[in-house]
Amino acid sequence: MTDQPAAPALAPDVLDQLRAALPEKVFRPLLPGYLACLRGYGDSTGVAQVLSPESAEQVSAILKIANAHGVPVIPHGGGTGLVSGHTYSGEMPAILVSLERMTAIRLLNADENVMIVEAGAILEDIHTAAEEVGRIFPLAIAAKGSARIGGNLSTNAGGVNVLRYGNTRDLCLGLEVVLPDGRIWNGLSRLRKDNTGYDLRDLFIGAEGTLGIITAASLKLFPKPAGEGVAYMVVDSPATAIKLLSMARDHMGEAISAFELINGTGLRFMKAGLPDVRQPFDTPPDWCVLIEVGLARGLVPSEALEGLFAEAFEAGLVSDGLVAQSAGQAAEFWNVREHIPVANRTVGAICSNDISLPIDLIPDFLPRAQAAVNRIAPFRINAFGHLGDGNLHFNVFAPEGRTKAEFVHLREEIQTAVHDVLHEMGGSFSAEHGVGRLKVGDLERYGDPVKLQMMRGIKDLFDPMGIMNPGAVLPKR
């Protein structure tokens, strides 16, 4: 019988100080839910203690003690990140700080279109609270039922509504942040105009917990569109899809909430692996788009989409289409889009790339990237995603009749081939999932040297002891 490696342990004096400063209920066992990575790229084997505070003051007490002793601190939201930003396997025993007990809505003002929430609030609960007062918080991601807003802010999450409302960064007015030395920055502004120097808020959004811990946020709400409509339209190529997007904007301006490009490869994966998911077309087209619009009172979304289809058909941009005739059918349309990642998992991607490009370069990128990976082997590609904001998921699968296991050793080579093409075309290797630990090497390889120097300088200024999420975003040193 093989002995299991001993769990890491904090120094006794550190643990004693934590127990003196915090209630017993803050201390949590090392359960798998805190330690696992969804994609399986490494668990938190270096975490010695999970702490779940219920206030910014308790977070402050934790960071003061950790900073004084040089103990690494790993912030943890819903654990839904895909780049290992919330896992830690370093040699020095670490504290994982879970925000799961900080879920309060501190303020909800529909007239002002503002909500102040604590960082552990689940995204779906924020949606529900906003809807109860006739408003929406438009950040929409597949993991809304478990993702927490602090993690969404820390990674600057994107989602399907970026085209109309922007990334999470664009939905935030202010933050409350506990700094590595325990100081609390009360930046929970509700102001939409405040030109009083540096915008510190934007330093912490997207920093992935490397500069401090976000404990609360002031969020923008929006009026709920009076009417919403959803349609599928078949196009012959991504280039045609971009022309359709331009036409749709001419028709409806900023009323377009989402414009999703869908590849027939993903639909075929779904037909084989998820036959119970009802698809809009009996034979999956090679390319189609899912369009969602939200219109003001007095306008009929289905009529607007039907008018768009008629003009696009006349112009030769679309060959087939379906406009949802009910809320239920609209939900069915979205259900197909949301199950594409699930269908991918039934096949097993060798590597998944979260990328962005200037929109008009996407039609050139796709064949170039396909050729780059096909020089390694005749892989299958499922490229899909948020065409309206230039964010695609470029996922690589084993050739027909072969298995992921035969090619998984080539993951880094394949990813480098894709990212090299992307870099040449001025794109980004991380569009909406962050850098985490998984893409630190990519940032070193492709990042602008001056930008990296400035990032390191900011890290050293805010976190001179290097305790905050070490190894994430920037390499440890």
Side-chain angles (χ1 to χ4, degrees), residues 160 163 228-252 255-294 300-344 357 359-367 370 380-395 397:
V160 298
L163 177 60
E228 294 178 312
V230 181
Y232 273 106
M233 298 188 190
V234 176
V235 295
D236 62 11
S237 68
T240 305
I242 291 170
K243 292 179 181 178
L244 179 62
L245 172 60
S246 179
M247 180 181 285
R249 282 174 159 157
D250 288 343
H251 269 250
M252 289 169 277
I256 305 167
S257 302
F259 195 94
E260 299 287 297
L261 180 68
I262 296 175
N263 188 314
T265 298
L267 296 177
R268 288 187 284 273
F269 285 170
M270 191 180 304
K271 204 172 187 70
L274 302 170
D276 292 338
V277 177
R278 184 177 177 183
Q279 295 198 30
F281 305 104
D282 291 336
T283 301
D286 287 338
W287 295 101
C288 63
V289 295
L290 174 64
I291 309 172
E292 180 175 272
V293 300
V300 182
S302 60
E303 292 179 0
L305 287 166
E306 287 163 3
L308 171 64
F309 176 81
E311 183 174 333
F313 185 83
E314 184 70 22
L317 298 182
V318 301
S319 59
D320 197 0
L322 291 169
V323 176
Q325 299 300 312
S326 66
Q329 191 174 27
E332 279 189 359
F333 283 9
W334 270 112
N335 189 53
V336 173
R337 166 61 182 87
E338 290 167 356
H339 275 81
I340 291 175
V342 182
N344 283 346
L357 285 145
I359 295 172
D360 67 343
L361 296 183
I362 288 174
D364 293 331
F365 166 80
L366 289 172
Q370 175 97 52
R380 291 175 291 172
I381 305 297
N382 183 17
F384 67 99
H386 322 307
L387 182 67
D389 55 56
N391 174 200
L392 291 183
H393 304 291
F394 188 91
N395 296 344
F397 298 84

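Just so it is clear, the model here is predicted, and its values are computed rather than measured. Note: hydrogens, waters and symmetry copies are ignored here, and every other heavy atom, side chains too, is used.
Closest non-hydrogen pair, Pro285 versus Cys288, comes out as CG-CB, 4.0 Å. Closest approach of Asn263 to Thr265, counting heavy atoms only: OD1-N, 2.8 Å. Taking all atoms of both residues into account, the shortest heavy-atom contact from Pro280 to Val336 is CD-CG2, 3.9 Å. Among all heavy-atom pairs drawn from Gly229 and Pro301, the shortest one is N-CB, 3.5 Å. Nearest heavy-atom pair across Gly388 and Ile359 is O-CD1, 3.2 Å.
Scored by the side chain to side chain contact (heavy atoms under 4.5 Å, CB included) test, Ala324 finds Val230, Gln329, Ala330, Phe333 as partners (sequence neighbours excluded). The side-chain hydrogen bond (donor to acceptor under 3.5 Å, both in side chains) search around Trp287 returns none, not counting sequence neighbours. A search for side-chain hydrogen bond (donor to acceptor under 3.5 Å, both in side chains) contacts involving Asn335 returns His339, not counting sequence neighbours. Judged as a side-chain hydrogen bond (donor to acceptor under 3.5 Å, both in side chains), and not counting sequence neighbours, the contacts of Arg380 are Glu400. Taking Asp389 as the reference, nothing meets the side-chain hydrogen bond (donor to acceptor under 3.5 Å, both in side chains) condition, with sequence neighbours excluded. The side chain to side chain contact (heavy atoms under 4.5 Å, CB included) search around Asp320 returns Val234, Phe281, not counting sequence neighbours. Applying the ring-ring contact (aromatic ring centres under 6.0 Å, His included) test to His386 and every residue at least two apart in sequence or in another chain returns His393. With sequence neighbours left out, Phe259 forms a ring-ring contact (aromatic ring centres under 6.0 Å, His included) with no residue at all. For Glu260, the salt bridge (Lys or Arg N to Asp or Glu O under 4.0 Å) criterion is met by Arg337, not counting sequence neighbours.
Under the salt bridge (Lys or Arg N to Asp or Glu O under 4.0 Å) criterion, the residue pairs touching residues 270-288 are Arg268-Asp286, Arg278-Glu332, with sequence neighbours excluded.
In this structure, Gln279 contributes its side chain and Leu267 its backbone to a donor-acceptor pair below 3.5 Å.
A distance of 6.5 Å separates CD of Glu228 from OG of Ser257, quoted to the nearest 0.5 Å.
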Run the side-chain donor-acceptor check on residues 306-315: report pairs under 3.5 Å with partners two or more places apart or on a different chain.
| from | atom 1 | to | atom 2 | distance (Å) |
| --- | --- | --- | --- | --- |
| Glu311 | OE1 | His251 | NE2 | 2.6 |

In a table with atom names and distances, give each donor-acceptor pair under 3.5 Å that connects a side chain of residues 238-247 to protein atoms at least two apart or in another chain.
| from | atom 1 | to | atom 2 | distance (Å) |
| --- | --- | --- | --- | --- |
| Thr240 | OG1 | Asp236 | OD1 | 2.5 |
| Thr240 | OG1 | Ser237 | OG | 3.0 |

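Contact annotation: the side chain of Leu163 never approaches that of Leu387 to less than 4.5 Å [non-hydrogen atoms, C-beta and beyond]. In this structure, the side chains of Phe269 and Leu274 stay at 4.5 Å or more apart for every pair of heavy atoms.
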